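Here's the structure we're looking at; comments come further down.
Since the structure is predicted, the reported quantities are computational estimates derived from the model, not experimental observations. Both ligands and their constituent atoms are indexed starting at 1 by order of listing.
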Amino acid sequence: MRVTALAGEVPAALASALAARGLDPVRAEALAAGGAQVALLLEPLADADAVPLMREAAAAGVDCVTGDGWAALVGTLARLGGLARSGGGGPSRIPERLSAELGRFLSDRQERPEAWRTARRTIPLERSCLVGILNVTPDSFSDGGAHFAPADALAGARAMREAGAAILDVGGESTRPGATAPDEAEELRRVVPVVRAVAAETGLPVSVDTRHSRVAAAALAAGAEIVNDVSGLEHDPRMAAVVRDAGAGVVIMHMRGEPATMDARATYADVAAEVAAELAERRDRACEAGIAREAIVLDPGLGFAKRPEHNFAVLDRLASITALGHPVMVGPSRKRFLGAATGAPVERRDAATAAACVAARVRGARLFRVHDVARAREALAVADAMLAS
Ligand code: HH2
């Protein structure tokens, strides 16, 4: 007899091993998916809920550890599903609201969003989706000034389309740490003509990178179909309604505070869990405002209110965010944390950017906001081929 390890973190490894040995492929996949181990944190947890939770978890075959105001559960998806179904009040059961929340989490986690709905189309996401950065700013940290003149912006857009960009992200405000914001009239003047020309000339979906609802509304009217808001719809109270009314796609990104002050807010006890929880709250507010679930992409906001070690931890634990059931975008391009790892200055960080994109792809990201589209695309083609296997 020979013992062979199956790649435990890849459910496809078990499914294909079983199918290769004659098990019905559908059954093999269901078995593999149900057998995947999942670890969950429940907090805050009321003291009164801890005892029934531990008892029911033990009965369901789920490991449970509790502490002051929290519980961690570790088990297969199938067993966690059984635990979620054990709610309903009786003396030995877990409280209804706990089982409902656990059930909602498990069903979101099952979502495998393969597409993104925007105001004008549905963008497929089975493969990596490259988002080319077009900063129409004089002061962006790596490409400031390069596309400031509208003709340069259009030439840059065409080149990125040739290189394989599937979306172009036009921004008129640098959000680098400590940047000062342009006034709204200036942002409108920078962004709107470029959005109009790029949307018309390239035919690609255009997103507008702005925190301001008036800029978003004007860009959407000029042909943009996605709003990329680095404040996660927090900065401008009218933003959610603008997105909803246009039926636009939206990127809800994680940040704390404002670009000018965010570095001081980079304090976390458990960065991946905190970023995921804060994103989930913003996602819930967006849905309550009437934005469709299929329109929402989540982004951990690499470099925003995060020190280098926070960015690496978030990348490694991206599963905390993909589990929320939305496509995930990352924007590592040329950022400081890559310089911290490689020692490379900002103008030589495109290889590190491609490596970070591949790491994020393996951890479940689908959209990659980059300056050097060709290089990231080549690296991601390898990751896509591996994941498609
Ligand atoms: N990063 C920047 C700007 N917008 N949007 C999303 N969704 N994700 C990001 O990580 C992200 C973003 C900052 O990078 P950049 O546009 O290159 O620089 P600047 O803000 O200086 O224009």
Closest to atom 13 (C) of ligand 1 (judged by heavy-atom distance), picking from Arg176, Glu173, Lys335: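 Considering heavy atoms of Arg176, Glu173, Lys335, the nearest to atom 13 (C) of ligand 1 sits in Lys335.
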
Quick one about Asp229 and Ser231 (side-chain donor to acceptor, distance below 3.5 Å, no hydrogens or angles considered), yes or no?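 Judged by distance alone, the side chains do pair up.
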
Answer yes or no: are there more than 12 heavy-atom neighbours, outside Arg127 itself, under 6.0 Å from its atom CZ?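 Counting neighbours around CZ of Arg127, 12 or fewer heavy atoms of other residues, nucleotides or ligands fall under 6.0 Å, so no.
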
Looking at Glu278, I want to see if its CD is surrounded by more than 12 non-hydrogen atoms of other residues, nucleotides or ligands under 6.0 Å.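 Correct, the count exceeds 12.
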
For [X], the ligand 1 atoms whose distance to one of its heavy atoms is below 4.0 Å:
{"X": "Val230", "value": "4 (N), 5 (N), 12 (C)"}
{"X": "Gly331", "value": "10 (O)"}
{"X": "His371", "value": "17 (O)"}
{"X": "Asn135", "value": "15 (P), 16 (O), 17 (O), 18 (O), 22 (O)"}
{"X": "Met329", "value": "7 (N)"}

Please check: side-chain N/O of [X] versus main-chain N/O of [Y], any donor-acceptor pairing under 3.5 Å?
{"X": "Arg121", "Y": "Arg117", "value": "no"}
{"X": "Arg161", "Y": "Thr202", "value": "yes"}
{"X": "Lys306", "Y": "Gly301", "value": "yes"}

Among all protein heavy atoms, pick out the one at the shortest distance from [atom]; state its residue, atom name and that distance to 0.1 Å.
{"atom": "atom 8 (N) of ligand 1", "answer": "Asp299 OD2, 2.8 Å"}
{"atom": "atom 22 (O) of ligand 1", "answer": "Ser140 OG, 2.4 Å"}
{"atom": "atom 11 (C) of ligand 1", "answer": "Arg369 NH1, 3.5 Å"}
{"atom": "atom 21 (O) of ligand 1", "answer": "Ser174 OG, 2.7 Å"}

Checking contacts here: is it the side chain or the backbone of Arg334 that comes within 4.0 Å of ligand 1, counting heavy atoms only? Could be both or neither.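 Answer for Arg334: neither.
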
What part of Val251, side chain from CB on, backbone N/CA/C/O, both or neither, has a heavy atom under 4.0 Å from ligand 1?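 Under 4.0 Å from ligand 1, Val251 contributes side-chain atoms alone.
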
Ignoring angles and geometry beyond distance, decide whether [X] reaches within less than 3.5 Å of ligand 1 through its nitrogen or oxygen atoms.
{"X": "Asn228", "answer": "yes"}
{"X": "Asp169", "answer": "no"}
{"X": "Phe141", "answer": "yes"}
{"X": "Asp209", "answer": "yes"}
{"X": "Thr175", "answer": "yes"}

Less than 6.0 Å separating the ring centroids of His310 and Tyr268?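 Ring-ring flag for His310/Tyr268: true, centres closer than 6.0 Å.
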
Would Thr137 count as a contact residue for ligand 1, given that I'm defining contact as a non-hydrogen atom of the residue lying under 4.0 Å from a ligand atom?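 Judged by the 4.0 Å heavy-atom criterion, Thr137 does not count as contacting ligand 1.
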
Regarding Arg369 and Asp169, does a basic nitrogen lie under 4.0 Å from an acidic carboxylate oxygen?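 Salt bridge: yes.
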
Assess whether a salt bridge exists between Glu274 and Arg256, defined as any Lys/Arg side-chain N lying under 4.0 Å from an Asp/Glu carboxylate O.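 Salt bridge present between Glu274 and Arg256.
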
Applying side chain to side chain donor-acceptor pair (under 3.5 Å) between Thr210 and each of Glu184, Glu173, Glu187, report the one that passes.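 One option only clears the test, and that one is Glu187.
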
